[in-house]
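Below: the structure, in structure tokens.
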4 protein chains.
Amino acid sequence: MLKTPAIVLNVKTYEEAIGKNAVSLAKSMETVANETGVEMAIAVMDTDIFRCVNEVNIPVFAEHIDPIKPGSHTGWTLPNAVKDAGAVGTLINHSEHRLKLADIDACLSFAKDFDLDQIICTNNIKTSMAAAALGPHFVAVEPPELIGGDISVTTVDPGIVSGSVDAVKTINDSVGVLCGAGVKNGKDVQMALELGAQGVLLASGVVKAENKLEVLRDLASGC
Amino acid sequence: MLKTPAIVLNVKTYEEAIGKNAVSLAKSMETVANETGVEMAIAVMDTDIFRCVNEVNIPVFAEHIDPIKPGSHTGWTLPNAVKDAGAVGTLINHSEHRLKLADIDACLSFAKDFDLDQIICTNNIKTSMAAAALGPHFVAVEPPELIGGDISVTTVDPGIVSGSVDAVKTINDSVGVLCGAGVKNGKDVQMALELGAQGVLLASGVVKAENKLEVLRDLASGC
Amino acid sequence: MLKTPAIVLNVKTYEEAIGKNAVSLAKSMETVANETGVEMAIAVMDTDIFRCVNEVNIPVFAEHIDPIKPGSHTGWTLPNAVKDAGAVGTLINHSEHRLKLADIDACLSFAKDFDLDQIICTNNIKTSMAAAALGPHFVAVEPPELIGGDISVTTVDPGIVSGSVDAVKTINDSVGVLCGAGVKNGKDVQMALELGAQGVLLASGVVKAENKLEVLRDLASGC
Amino acid sequence: MLKTPAIVLNVKTYEEAIGKNAVSLAKSMETVANETGVEMAIAVMDTDIFRCVNEVNIPVFAEHIDPIKPGSHTGWTLPNAVKDAGAVGTLINHSEHRLKLADIDACLSFAKDFDLDQIICTNNIKTSMAAAALGPHFVAVEPPELIGGDISVTTVDPGIVSGSVDAVKTINDSVGVLCGAGVKNGKDVQMALELGAQGVLLASGVVKAENKLEVLRDLASGC
């Protein structure tokens, strides 16, 4: 399982993170992880899991799995295949890939069967509690109004982090909370951790940065 | 809100419950409710809510609502319209109409805004806990293996009822549990209540019965 | 089947067209249809089909049907029920309710089984041709960039109408084309008909108008 | 573009075709393609495209693409990434992964932008005509009743093949037809080609065969 505090990067389907660029980004993360000792993981497109796993030594996650067993499911993401390609974890229910409640539960079971770390993404305190009831490793709270924007969650709405941490603990105190939006720099990371989060999940702020090493080092400095 | 213990009938899209047949079925329930004093509610197709509300005096539910506000949503089920047609409650996330977690949460908020009773359907103890965390009036547990079959839940798997009741209470003890599958007769109803349920949600056993009054009276006898 | 030229109004899930307001709107259309002899049809929410059919004498459409037979389909829209409630036709594949290709085909078959008029909505010339290959009564072309806006399709992009008419005819010349967006007034209707359309499908321009009778009379004047 | 006649294998999410087993299967196809000169292509899971492309020299297809551009689409299949990983084509709208009509059209455009061969899967003659109107390289007809079974399409229902070929030609005679179900052996391939198909799309018959080389050689003998 991910060591905490953890910095998890979701490269989505950004043009800057396809193929060799995904590998290059993962290498930058590996560099900073080695320099600082901070746990850094990357979630990449299915097409790039195998490449990243084989060329870089940091935890590689899938961005999604489908709740299916081997069989007739053309074009869906098989948990077995994600594991076989070398992923050690997966995002589940990202805001851009919402799942039915029963399917979140099923994905969680499949992930556990394959010893994949599980990060369930949620959009508010209520759904964070619901996700916590299912028992994943982490819940990543992503308030929709903060995703992709320039706003810092901890400045504008620190209550969403501390409130989620508290609410999640009342349901299941073995579940960690990641701050899933509004994290731009080391100061945001530090604040998220102070508010009780065990890490952060971020995307465009790193993927689209001119100087990725610099941004990653700044983020790591917050841990 | 529904008085408990409650018998809730979901007519799905059965041929036996379209239009005037839905009204007729609702009238049978009204008859037995009046005879026995047992709370009986019916969930009907959108097309039949207005008719049933205007011709029968029992609580009428929608089978589903979509998480939408008035606007550009052609062909979806608007909570405002369900309320306007006279429904007093709604099923949410039925096994035949699963919703994304964030949408269950949104549907619940819309239902509360319109003072509609909320029954969230779930498939196991974990998802019942997750649903309870959202705070509906009721969670109806429907183990998939029992839906539509001839098996009695309380004989085969009483633990799913008592386990759900216990688990739901640990999360939010103001949430009631309905036994949502495997209920065929008054004895099943009685057992479900003894196991801690506050009512039952059933479908084909009534809708497809030759003698509906007889089946309804038997079910009511279990309360 | 609808007489042509036809003016079809889709009330979507607008607040101004719920329940008695849907009935009132349908009555305004009936008034203008009677005054002018122009065919006017209204597509309303499922919850309002029965009321409109029973209180107004113009063709009432469903906004959508699901490709299902009677059975276990909680909360979905059953073609049989739409027919039973009195609808004489249905929109299929509206831009706000897109369907899988195989489901459009299945919906079309169900609609034919129940003698419901079929209007398949499409977004460009290619998909209009594809829809025409399935053999509905009408294809309504709605270029996404024009939906809900203030732009007149016939001014800005008359080619989408004449191009769709021509393309549809090459595939199946028994299929009529409706101009499904960018129609605001009688002049737009007239132009759409001159470009080969057999009618128009519109929404907010009527539903949200202060003086609905005035707008409807103006639209009718274009026929 | 694929040379015809072509034998296209869809490995779905079968356990027998994950990771190194997908590579091994592709190598068997390469062997038989080299022996016989018959065009053989393999559609594999996203996680295995890169591996297969780098270890085997036959055309590798994706099983599916999503109609998206680079950006914020966590966990979906980006056409750019599929191309970058080395795929030369893609299935679209497989029976296990049906798409909305507008999305089939969009996927086709994306595939063309990336010079990916396009095979749109369909379920009957009508939807084959609709797909042909969109202008893909191939339409693969898969009658649902034949998928995964032991029945030979050309014995039981040769009309679905010849009828689809004829119907597709009336719409767009540059579109090829693949026989997408009910093909088990070389004789079936031969019959499919005689009925006008330009190839076959198959799955379990090869993936689950004890002796894959033998089955592949038999299939090739039908060309």
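Convention: sequence-line order gives letters A, B, ...; per-chain numbering from 1.
Summarising the local packing, CG of Asn57(B) is surrounded by 12 or fewer heavy atoms from other residues, nucleotides or ligands at distances under 6.0 Å. Summarising the local packing, NZ of Lys100(B) is surrounded by 12 or fewer heavy atoms from other residues, nucleotides or ligands at distances under 6.0 Å. No more than 12 heavy-atom neighbours from other residues, nucleotides or ligands sit within 6.0 angstrom of CG on Asp115(C). Heavy atoms of other residues, nucleotides or ligands lying less than 6.0 angstrom from CD of Glu55(C) number more than 12.
Within the 4.5 angstrom heavy-atom criterion, only side-chain atoms of Ile68(C), from C-beta onward, approach chain B. No part of Lys208(C) comes within reach of chain B, as not one of its non-hydrogen atoms sits under 4.5 angstrom from that chain. Looking at Ala81(B), both its backbone and its side chain come within 4.5 Å of chain C, counting heavy atoms on both sides.
Closest heavy-atom contact between Glu96(C) and His73(B): OE1-N, 3.3 Å. Between Tyr14(B) and Ser72(C), the shortest heavy-atom contact is OH-OG, 3.3 Å.
Of the inter-residue distances, the one linking Glu63(C) atom CD with Trp76(B) atom CH2 reads 12.0 Å to the nearest 0.5 angstrom. Between Ile18(C) atom CD1 and Asn80(B) atom CG the span is 4.5 Å, to the nearest 0.5 Å. Taken from CG in Leu78(C) to NZ in Lys12(B), the straight-line distance is 13.5 Å, to the nearest 0.5 Å. For the atom pair OG1 of Thr77(B) and NE2 of His64(C), the computed distance is 9.0 Å after rounding to the nearest 0.5 Å. Atom-to-atom distance recorded for Thr74(C):OG1 and Leu91(B):CG is 7.0 Å, nearest 0.5 angstrom.
Put simply, the side chain of Thr13(B) gets close to the backbone of Gly71(C): a donor and an acceptor are under 3.5 Å apart.
Chain C forms the most heavy-atom pairs under 4.5 Å with one residue out of Thr47(B), Val82(B), Val44(B), Asn10(B), and that residue is Thr47(B). Among Lys20(C), Glu15(C), Lys69(C), the residue with the largest count of heavy-atom pairs under 4.5 Å with chain B is Glu15(C). Top candidate by heavy-atom pairs under 4.5 Å with chain B, chosen from Gly19(C), Gly86(C), Gly75(C), is Gly75(C).
Ring orientation note: the planes of Phe50(C) and Phe50(B) are tilted relative to one another, at an angle of 30° to 60°.
Asp46(C) has its side chain out of reach of Met45(B): every pair of non-hydrogen atoms, C-beta onward, lies at least 4.5 Å apart.
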